[in-house]
Student: 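Mind having a look at this structure? Questions to follow.
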Amino acid sequence: MAKTVDEVADAMYTMVKDAQGMKKLKPMDLTKAMIEMYGDEVDKKLCKEAIKQLVNSGRCVYTYFGGSFLELPHREGAAND
Amino acid sequence: MADNVQETPLLDELEKGPWPSFVKEIKMAAKRNPMAVDLLGQLEKSYREKIGYWKHGGIVGVMGYGGGVIGRYSDLSEEFPNVSHFHTMRINQPAGWFYTTDALRSICDIWEKHGSGLTNMHGSTGDIILLGTSTDHLEPVFDELQKIDFDIGGSGSDVRTPSCCCGQARCEWACYDTMGACYDFTMAYQDELHRPAFPYKFKFKFSGCPNDCVASIARSDLSIIGTWRDDIQMDEAAVKEYADNGMDIQKDVVDNCPAKCMAWDGTKLEIDNSYCRRCMHCINVMPKALRPGKDRGATILIGSKAPIVEGAMLSSVLIPFIKMEPPYQEIKDVVERIWDVWCEEGKNRERIGEFIQRVGLGNFLEAIEVEPIPEMVAHPRENPYVFYEEYYEEDDEEEDDES
């Protein structure tokens, strides 16, 4: 049975949360991981929607360090308060 | 405000000479904006100590978008508090950079209210660059820009803001509607522009003719350059007029033809169009006498980049000729297949040109389902490692028959 956007978004969120501070994940890393985890139950379009939901809801943010990554919102190291 | 401007003897050197000076512009802005004052101070210090004091990157942006804001903080926030945050915003320019004065005034008013007032019209990607604001002002700027129908452009690992030459709006050489194509691609790929999902940046640039005024062959991952596939149009009377007016057609036109496909006997110009390389030289020298052909379209090239991670690369031919008609579906299909392969196999910060070099042109073409053709050979003696399987199959069959 095909996964829903919410389910995929939750699984992606868990991955990002577990990797926070150790490894920066790109959106394609998450997509590949979901396809590996769920097989035919997900596709790239669904993963794209899940990423959009994560970012639009503010659960994850895009970050840039030489490339673009998805991370949990955090206080930026370089930021001046 | 002007009294606060510090002594800047090194920067002052850059005001000398008859050319425009960014220092002069920042000093003008400093008369009314404290960010510009501190920017001058920090810049002078950087020049004096030969150290850059900007911290770059990070998480700043507007809600939902992953590109268009380039985070920048000062390392000297106590000394120069007004540039403690100095983020850049990239704003999607109109195709061909056509504005009304009202639109320009509105953008500048928004930026004077929320930022340093300093702009760069335009950045190398083609965007309107708004220089210097704080994190708190990013969302208000975005909201106000949306009210006047402007949107943020691309940055990071996404589709960068597509750009084009002014095309048929002002140029008689444009072989297709560059502005229409640029707008169409910009709207079609909004998601890819605002939500970075690629290994690295991907740039589209649309040039109307091989003069390539937006330098797409040197700067874009996908260059769409106008061309023609029939004969150059010639007005023989106008050619004669050029000669009568003193132009040395042999020296200035014929001898400079890279394909050596032209001949001039002193009265008549002949062109062997089958050898023409569409370089535009002859047309540029004799614009009243020569014109591009009537069967017009574009050549699609792939893979150029400026030297950032690795060296510079020029685009090479992917599709020698294609008619440029909306909705450009054939091109979009190829583009999406390219993205699929590149996203799947590309390394972090690997541009599409570098990716093709790494995996080999033959493998790349097979993956994107495009047949190899001689026009794809980028330079003499290049071995693109294309294997034509049907020949192997024929050979195998022959061997089987012999045995």
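Order of the sequence lines fixes the chain letters, A, B, ..., with proteins taken first and strands second; residue numbering starts at 1 for each chain.
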Student: Could you check whether atom NZ of A:K17 has more than 12 heavy atoms from other residues, nucleotides or ligands sitting under 6.0 Å from it?
Tutor: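 No - once you tally the heavy atoms of other residues, nucleotides and ligands closer than 6.0 Å, there are 12 at most.
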
Student: Look at the side chain of A:T63 and the backbone N and O of B:I59, then say whether any donor-acceptor pair between them is shorter than 3.5 Å.
Tutor: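 Such a contact is absent between A:T63 side chain and B:I59 backbone.
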
Student: So which part of A:S57 gets closer than 4.5 Å to some heavy atom of chain B, the side chain, the backbone, both or neither?
Tutor: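 For A:S57, the contact with chain B is made by the backbone alone.
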
Student: Answer yes or no: is there a donor N or O on one side and an acceptor on the other, between the side chain of B:R349 and the main chain of A:G67, under 3.5 Å?
Tutor: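 Side chain of B:R349 to backbone of A:G67, a donor-acceptor pair under 3.5 Å: no, none is there.
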
Student: Donor-acceptor pair, distance only, cut-off 3.5 Å: does the side chain of A:S68 make one with the backbone of B:G156?
Tutor: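 No.
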
Student: Would you say that A:M28 contacts B:P199 through its side chain, given a criterion of any heavy-atom pair below 4.5 Å between the two side chains?
Tutor: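 No, too far: nothing below the 4.5 Å cut-off.
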
Student: Less than 4.5 Å apart, any side-chain heavy atom of B:E344 and any of A:K44?
Tutor: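 Yes, side chains in contact.
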
Student: Considering only heavy atoms and a distance below 4.5 Å, find which of B:M63, B:R72, B:K201 pairs most often with chain A.
Tutor: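 Most heavy-atom pairs under 4.5 Å with chain A: B:M63.
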
Student: I'd like to know whether CD of B:Q329 has more than 12 heavy-atom contacts from other residues, nucleotides or ligands below 6.0 angstrom.
Tutor: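 More than 12 within 6.0 Å, yes.
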
Student: Can you name the nearest heavy-atom pair linking A:K52 to B:D191, along with the distance?
Tutor: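 Answer, listing the atom of A:K52 first, then B:D191: CE-OD1, 3.4 Å.
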
Student: Is it the case that atom CD in B:E330 sees more than 12 heavy atoms from other parts of the structure closer than 6.0 Å?
Tutor: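 Counting neighbours around CD of B:E330, 12 or fewer heavy atoms of other residues, nucleotides or ligands fall under 6.0 Å, so no.
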
Student: Within the 4.5 Å heavy-atom criterion, are A:Y62 and B:D158 side-chain neighbours or not?
Tutor: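 Result no, sub-4.5 Å side-chain heavy-atom pair not found.
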
Student: Where do B:P196 and A:P27 come nearest, in terms of heavy atoms and distance?
Tutor: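 Residues B:P196 and A:P27, closest heavy atoms: O-CG, 3.1 Å.
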
Student: Answer yes or no: does atom CD of B:E49 have more than 12 heavy-atom neighbours from other residues, nucleotides or ligands under 6.0 Å?
Tutor: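 Yes, enclosed.
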
Student: Identify the two heavy atoms, one from A:Y64 and one from B:H56, that lie closest to each other, and give their separation to 0.1 Å.
Tutor: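 Nearest pair, atom of A:Y64 first, then B:H56: CE2-NE2, 3.8 Å.
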
Student: Side chain, backbone, both or neither: which part of B:R195 has a non-hydrogen atom closer than 4.5 Å to chain A?
Tutor: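 Answer is both: backbone and side chain atoms of B:R195 are under 4.5 Å from chain A.
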
Student: Side chain from CB out, backbone as N, CA, C, O: work out which of these in B:E192 comes under 4.5 Å of a heavy atom of chain A, or both, or neither.
Tutor: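 The answer is the side chain of B:E192.
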
